[in-house]
Every structure is written in C-alpha cells, then in structure tokens.
Q: 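The following block contains the structure, expressed as structure tokens.
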There are 2 protein chains.
Amino acid sequence: MSSNLENAQAQMRKGVLEFCILSILSRNEVYPSDIIAEMKASRLIVVEGTLYPLLTRLKNAGLLQYRWEESKSGPPRKYYSLTVEGREFLHALQLTWNELVEAVNLTTKSETQS
Amino acid sequence: MSSNLENAQAQMRKGVLEFCILSILSRNEVYPSDIIAEMKASRLIVVEGTLYPLLTRLKNAGLLQYRWEESKSGPPRKYYSLTVEGREFLHALQLTWNELVEAVNLTTKSETQS
DNA sequence: AACACTACTTTGCAATACATAGTACTAAAT
DNA sequence: ATTTAGTACTATGTATTGCAAAGTAGTGTT
C-alpha cells in the first residue's frame with residue numbers, strides 16, 4: 001500500500017503523461033525505449049506497462065503512426081511519429097497546459113481578498 | 001462519448017485537483033460550495049460528486065478536519081480546514097508541482113541536441 | 001402541509017496507470 | 001545446433017478515482 005503523498009504526486013504526473021509523450025514524438029521519430037529514457041531524464045517516470053498501451057491508444061485514435069525498423073541488437077522496433085492530426089492535438093494540449101499552470105498559480109498563490 | 005482532446009484535458013486537471021483544494025483550504029476555512037465557486041473562478045471545474053467524496057477521503061486520511069456551522073438559508077454546513085499534517089502534505093505537493101512544471105517545460109520545450 | 005432551495009451522501013460506471021506474466025525475435029555461448 | 005541472455009512488444013487483471021445520477025435531509029416560504 002502506497003502513501004497518500006505518493007498517490008497524489010503520481011496523480012499529478014499522470015495528468016501530463018500524454019502531453020509529454022506527444023511532445024517528445026513531435027521532435028524525434030523514436031521507439032518506446034527512447035521515450036522511457038527521455039522521460040526518466042526529466043524525472044517523469046514511465047514504465048513499459050503504461051507506455052505500450054498508451055501508444056497503441058494514441059495510434060488507434062489517429063494521432064500517431066509507426067513504421068517497423070530492424071535492430072542489430074534484438075527484435076524489430078516500432079518507430080513512432082505524429083500524424084497531422086496528432087500535431088494539432090499536441091498544439092491544443094500545449095494551450096491547455098499553459099492555462100492550467102496559470103489557473104493553479106491563481107489558486108495556490110492568491111491571497112484572500114474581499 | 002467525449003473526444004480524445006477533452007479526455008486528455010480533463011486528465012491534466014484531475015492531476016492538480018487535490019493540490020488546489022488543499023491550497024484553497026490553507027487560506028480560508030470554507031465549506032464545499034465555496035470551493036466549487038473558487039475553482040470555477042480559476043477555470044478549474046469541480047462538481048459535487050467529485051468534491052464531497054474527495055473531502056471525506058482527505059478527512060479520513062487525517063489531512064482535513066471540519067466543524068458544523070448553522071446556516072440561515074438551509075441545512076448546516078461542514079466548514080473544512082487543514083490539520084497540521086495537512087499543511088505538511090500541502091507543502092510537499094507544492095514542491096512536487098514546482099518540479100513537475102520544470103520537468104514538463106524541459107520535455108516540451110527542449111530542442112533535439114546530439 | 002406542500003414546495004423550493006441548499007447541503008450532504010451514496011451508488012454505479014468508465015477511464016487509465018501499473019504490476020505482472022507472456023510471446024517472439026536476435027545474437028552469443030557452449 | 002541448441003541453449004541462454006537480452007531486447008521489444010503484447011495481454012491480462014487490479015486499484016484508483018472523477019463523475020453522473022439518484023437519494024436523504026434540513027430550513028424557510030407560500
């Protein structure tokens with residue numbers, strides 16, 4: 001059983017997961033392990049069991065596409081990239097994120113005033 | 001059926017829900033309708049069916065306390081406030097939020113570099 | 001007494017992150 | 001050539017939790 005704090009912190013991270021993954025894909029065509037590495041470098045942990053189904057979901061929604069590529073060190077990899085629709089989607093999420101940051105700052109930093 | 005975009009946007013907001021509610025309670029002793037009004041003013045929507053169970057959960061976790069207060073215009077109200085433990089919890093969440101904003105900015109704004 | 005308004009509670013559902021286990025391909029070791 | 005290790009992708013079950021919707025109850029007005 002995990003603590004309340006860990007739960008709440010995880011909740012926060014969950015909210016931006018999709019957004020971050022799409023952002024990473026908007027810069028590079030990468031395969032899942034690359035994404036995990038990049039997110040870990042930014043202190044945003046993702047694990048396989050989360051990422052693979054999420055990528056499939058985004059692909060089925062028409063936001064992502066992939067191509068197979070051979071690998072020297074194992075089975076072939078799925079290299080993902082954004083579709084046109086995916087780019088529009090990402091743009092909308094970026095706006096939402098900016099608004100959210102502003103809203104949270106309002107809520108958490110404003111003083112009582114009558 | 002709601003769109004993918006609405007889903008993703010809602011996910012983002014969910015992540016900060018607990019944090020914002022605790023923040024509001026750290027400034028004022030308020031009852032649930034006050035919280036709903038404040039969050040709506042900051043463009044963060046919460047509805048009764050979400051808020052009431054959440055407050056109960058936080059209270060059971062020892063982060064909140066409440067006292068009953070009579071109302072002129074209806075049934076008595078539960079006025080909530082943070083416990084000492086709740087304040088510590090909120091402080092930890094504030095740190096997490098700051099780190100998250102930084103991490104997201106890293107992930108979404110950094111350019112490809114080799 | 002009936003109705004409206006406000007406040008709080010409960011129930012069931014849907015979305016989804018995660019742990020875990022499983023499949024499959026490649027390369028190296030024996 | 002078969003086994004073993006490493007990598008990549010897939011599938012399944014569970015727990016959390018936000019929300020819609022329906023229900024209960026107190027107060028004041030008509």
Side-chain angles (χ1 to χ4, degrees), chain A residues 1-22 29-37 39-40 44-61 63-80 100, chain B residues 1-22 29-37 39-40 44-61 63-64 66-80 93 100:
Chain A
M1 189 175 88
S2 56
S3 76
N4 296 311
L5 186 57
E6 279 162 7
N7 259 12
Q9 291 171 331
Q11 271 297 108
M12 273 194 193
R13 284 187 259 269
K14 281 182 192 179
V16 298
L17 191 58
E18 218 172 294
F19 174 44
C20 289
I21 289 169
L22 290 173
E29 190 195 40
V30 291
Y31 82 108
S33 296
D34 289 332
I35 296 177
I36 291 174
M39 306 246 339
K40 187 179 281 180
L44 294 163
I45 323 99
V46 205
V47 294
E48 284 194 336
T50 301
L51 186 58
Y52 282 101
L54 177 55
L55 290 173
T56 301
R57 183 152 49 85
L58 294 173
K59 186 241 161 194
N60 289 339
L63 305 176
L64 299 184
Q65 58 198 356
Y66 67 79
R67 60 178 181 81
W68 285 101
E69 184 171 307
E70 305 282 313
S71 161
K72 288 182 185 173
S73 57
R77 302 166 173 176
K78 280 184 176 177
Y79 275 81
Y80 283 91
L100 184 69
Chain B
M1 190 174 86
S2 55
S3 76
N4 296 312
L5 184 58
E6 279 161 9
N7 259 13
Q9 291 171 331
Q11 271 297 109
M12 274 195 192
R13 283 188 258 269
K14 281 183 193 179
V16 298
L17 191 57
E18 218 171 294
F19 174 43
C20 288
I21 288 169
L22 290 173
E29 191 196 40
V30 292
Y31 81 108
S33 295
D34 289 334
I35 297 177
I36 292 174
M39 306 245 339
K40 187 179 282 179
L44 293 163
I45 322 98
V46 204
V47 295
E48 285 194 335
T50 301
L51 186 58
Y52 282 101
L54 177 55
L55 290 173
T56 301
R57 184 153 49 84
L58 294 173
K59 187 242 159 194
N60 290 338
L63 305 177
L64 298 184
Y66 67 79
R67 61 179 180 81
W68 286 101
E69 184 171 307
E70 306 281 313
S71 163
K72 289 182 184 173
S73 57
R77 301 166 174 175
K78 280 186 175 177
Y79 275 81
Y80 283 92
L93 280 189
L100 183 70

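Keep in mind that what you see is a predicted model, and the values were worked out from it rather than measured. Each chain gets a letter, A, B and so on, in the order its sequence line appears, and its residues count up from 1. What you see below is based on every heavy atom in this structure, not just the backbone, and it leaves out hydrogens, waters and symmetry mates.
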Q: Between D:dA20 atom C1' and B:I36 atom CD1, what is the distance in whole Å?
A: 14 Å
Q: Can you name the side chain to side chain contact (heavy atoms under 4.5 Å, CB included) partners of B:A61, sequence neighbours left out?
A: A:N4, B:L63
Q: If I take atom CZ in residue A:R13 and atom C1' in nucleotide D:dT16, what distance separates them, rounded to the nearest angstrom?
A: 16 Å
Q: Of A:E18 and A:V47, whose nearest nucleotide on DNA chain C comes first from the 5' end?
A: A:E18
Q: Indicate for each nucleotide in nucleotides 21-30 of chain C, in 5' to 3' sequence, whether protein heavy atoms under 4.0 Å reach the base (B), only the sugar-phosphate (S), or nothing (-).
A: ----BSS---
Q: Grab the two heavy atoms, one from B:L93 and one from A:M12, that are nearest each other, plus how far apart they are.
A: O-CE, 3.7 Å
Q: OP1, OP2 of D:dG18 versus side-chain N and O of B:Q11: anything below 4.0 Å?
A: no
Q: Which residue lies toward the 5' end of DNA chain D, A:Y31 or A:K14, if each is placed at its nearest nucleotide?
A: A:Y31
Q: Can you name the residues that form a side chain to side chain contact (heavy atoms under 4.5 Å, CB included) with B:S71, not counting sequence neighbours?
A: B:S73, B:R77
Q: CZ of B:R67 versus C1' of C:dA7: gap in Å, rounded?
A: 16 Å
Q: Report yes if at least one side-chain N or O of B:N7 is closer than 4.0 Å to OP1 or OP2 of C:dA14; otherwise report no.
A: no
Q: Can you check the B:E6 CD to C:dT16 P distance for me, whole Å?
A: 13 Å
Q: Can you list, in residue-number order, the parts of residues 49-59 of chain A that come under 4.0 Å of DNA chain D, counting heavy atoms only?
A: A:Y52
Q: Pairs in or reaching into residues 9-18 of chain B: which pass side chain to side chain donor-acceptor pair (under 3.5 Å), with residues at least two apart or in two chains?
A: A:T96-B:Q9, B:Q11-B:K14
Q: Round to the nearest Å and state the distance from A:L17 atom CG to C:dA15 atom P.
A: 18 Å
Q: Can you tell me how far P of C:dT16 sits from CE of A:M12, to the nearest Å?
A: 20 Å
Q: Can you tell me the distance, in whole Å, between the CD atom of A:Q9 and the C1' atom of C:dA17?
A: 16 Å
Q: In chain order, what residues pass the side chain to side chain contact (heavy atoms under 4.5 Å, CB included) check against A:T56, with sequence neighbours excluded?
A: A:N60
Q: The criterion is side-chain hydrogen bond (donor to acceptor under 3.5 Å, both in side chains); which residues satisfy it with A:R57, sequence neighbours excluded?
A: none
Q: Would you please name every residue forming a side chain to side chain contact (heavy atoms under 4.5 Å, CB included) with A:Y66, sequence neighbours left out?
A: A:K59, A:W68, A:K78, A:Y80
Q: Using distance only, find each side-chain donor-acceptor pair of residues 45-54 of chain B under 3.5 Å and give its atom names and separation, not counting sequence neighbours.
A:
none

